[in-house]
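For ligands, and for the atoms within them, numbers begin at 1 and follow the listed sequence.
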Amino acid sequence: MSAQDAAAARLREFTGREPDAVWSAPGRANLIGEHTDYNEGFVLPFAIEHRTAAAVALRDDDVIRVTSTFAPDAVGVSLAELDETIARGDLDWAAYPLGVAWALRRAAPGAAARGVDIAIASDVPVGAGLSSSAAIEGAVASALNDEWDAGLSPVSLARVGRTAENDAVGAPTGIMDQMASMLGVADAATFLDCRTLETDSVDLGLRREGLSLLVIDTNVKHSHATGGYRERRASCEAGAAAMGVPSLRDLSVGDLPRAQELLDDVTFRRVRHIVTENQRVLDTVWTLRSAGPRAIGDLLVASHVSMRDDFEISGPELDLAVDTALAAGAIGARMTGGGFGGAAIALLDDGQVADAGAAVTAAFAASGFAAPTIFTVRPSEGARRDR
Ligand code: GLA
C-alpha cells in the first residue's frame with residue numbers, strides 16, 4: 001500500500017471521516033555537500049521516491065490531534081496550549097508534526113489556524129540518513145499551509161520544518177533536508193546555497209547514461225539530537241570564530257594554511273572538511289553540467305575520505321560499504337547524511353547493481369556486521385498535495 005493510502009486509511013480508522021486531502025513529501029539522499037548547510041555553504045541533495053504522507057481533516061474546534069501507522073496512540077493538544085506543550089519537550093515523535101504546527105503559526109500569524117486531525121504514514125526508512133524527519137515536516141507543513149490558508153512559499157515551509165526540528169525536536173540541524181524535500185525535481189539534484197537559500201536544479205542525466213544510485217543502509221542507527229552532530233557543529237562555529245569570519249562559508253581553500261597555523265589539529269581538520277567540501281560541491285555542479293555524471297566519481301570519493309579522516313563522522317560499516325561498492329566497479333561512493341551510522345550511496349552502471357549489492361552484503365557478513373538494506377533510488381519530485 002502506498003504511504004498516501006495508508007495515511008488515509010489510518011485517518012478513517014482514527015476519526016471515522018474521509019480526509020479533506022492527502023499531502024506527501026519525500027526523504028532525500030545527498031549527492032555531495034555534508035555538514036556544509038549549517039556553515040552557510042553549498043549542498044547538492046535530491047529528493048527520493050520514498051515519501052511520507054499526511055491525511056488531514058479540519059475539525060470544528062481548536063484541537064490538533066496526530067496519529068500515525070507507526071505510533072497509533074494519538075497525541076492531542078489545543079492550539080491555545082501549543083506553546084507550552086512544545087516548551088515541555090516531552091512529545092517524542094509527535095514533536096515533528098506538532099512542532100511544524102507551532103512553527104507555522106509563528107511564521108504566518110495571520111493564518112486561519114483551526115483544529116485538525118492528522119494521520120501520518122511513511123515509507124522513508126527511519127534513522128538511515130534519508131531524512132525521514134524532513135519528510136514528515138514537509139508533508140505536515142504543506143498540509144497545514146493549505147488547510148489554514150497560510151500562503152507560505154516552499155522555501156518558507158522549509159524554514160518552518162527546520163524551526164520544528166531545531167526548536168521543538170531539539171536537533172541542531174541545518175536546512176538542507178527540508179529544502180530538498182520541499183523543492184525536489186524528478187531526475188535532478190537541488191543545488192542549494194544555504195546562505196541565500198537560492199536553488200538551482202542540476203540535471204543528473206542518470207537515465208540517459210544508464211546509471212543507478214544505490215543506497216546502502218548500514219542499519220546502524222543515529223540520532224542528531226545528541227552527541228557527535230552537535231559537537232561537530234560547535235567545532236565549526238569555534239573554527240569560524242577563531243578565523244574571524246561569520247561562518248566557514250567565508251573561507252576558501254587558500255585560507256587553509258593560515259587556519260592550520262591558528263587552530264588546534266582537530267578544529268583545523270573539521271574546518272578543512274567544510275572548506276574543501278564546499279569546493280567539491282561547486283566542482284560537482286560544474287562537472288555534471290560540463291561532462292555528465294560519469295565524471296563525478298573522484299569528487300564523491302574525496303568527499304567520503306574527508307568525512308572519514310578530517311570530520312570523523314564515518315564508521316567501519318560505512319567505510320566497508322563505500323570500499324566494497326568501489327571495488328565492485330562503482331564510479332563513486334560516499335556516506336550520505338549526518339553520519340555516525342545511516343547510509344552510503346554508490347553511483348554505478350545499471351548492470352552492476354545486483355553484483356555490487358551482493359558484494360556489499362557478503363562483505364558485511366564476512367566482517368560480522370548486521371546485514372545492510374540495499375536499494376536503488378531515483379531523484380524525485382518534492383512535497384505536493386496528492387489528492
Ligand atoms: C543531517 C542534517 C542536515 C545536514 C546533514 C549533514 O541530515 O539534518 O541539516 O547537516 O545532516 O550534511
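Proximity of M307 to ligand 1 is not established, as no heavy-atom distance is less than 4.0 Å.
When only interatomic distances are considered, the shortest N/O to N/O separation between T36 and ligand 1 does not fall below 3.5 Å. An N or O contact shorter than 3.5 Å links D37 to ligand 1 by distance. For a threshold of 3.5 Å applied to N or O pairs, the pair formed by E34 and ligand 1 contains at least one separation below that value. Residue G174 has at least one nitrogen or oxygen atom sitting less than 3.5 Å from a nitrogen or oxygen atom of ligand 1, judged on distance alone. The shortest N/O to N/O separation between H35 and ligand 1 falls below 3.5 Å.
Using a 4.5 Å cut-off between side-chain heavy atoms of Ile, Leu, Val, Met, Phe, Trp and Tyr, F364 falls into a hydrophobic cluster with L214, I216, L320, L348, V353, V360, F369, I374.
Residue-level proximity to ligand 1 for R232 is absent, since no heavy atom of it falls below 4.0 angstrom.
Ion pairing between a basic and an acidic side chain is recognised when a charged N comes within 4.0 Å of a carboxylate O; R269 and D309 show no such pairing. Ion pairing of D90 with R88 is present here, as a side-chain N (NZ or NE/NH1/NH2) and a carboxylate O approach within less than 4.0 Å. Ion pairing between R10 and D5 fails under the 4.0 Å rule for side-chain N and carboxylate O.
A cation-pi arrangement, defined by a distance under 6.0 Å to the six-membered ring centre and an angle within 45 degrees of its axis, is present between R106 and W102.
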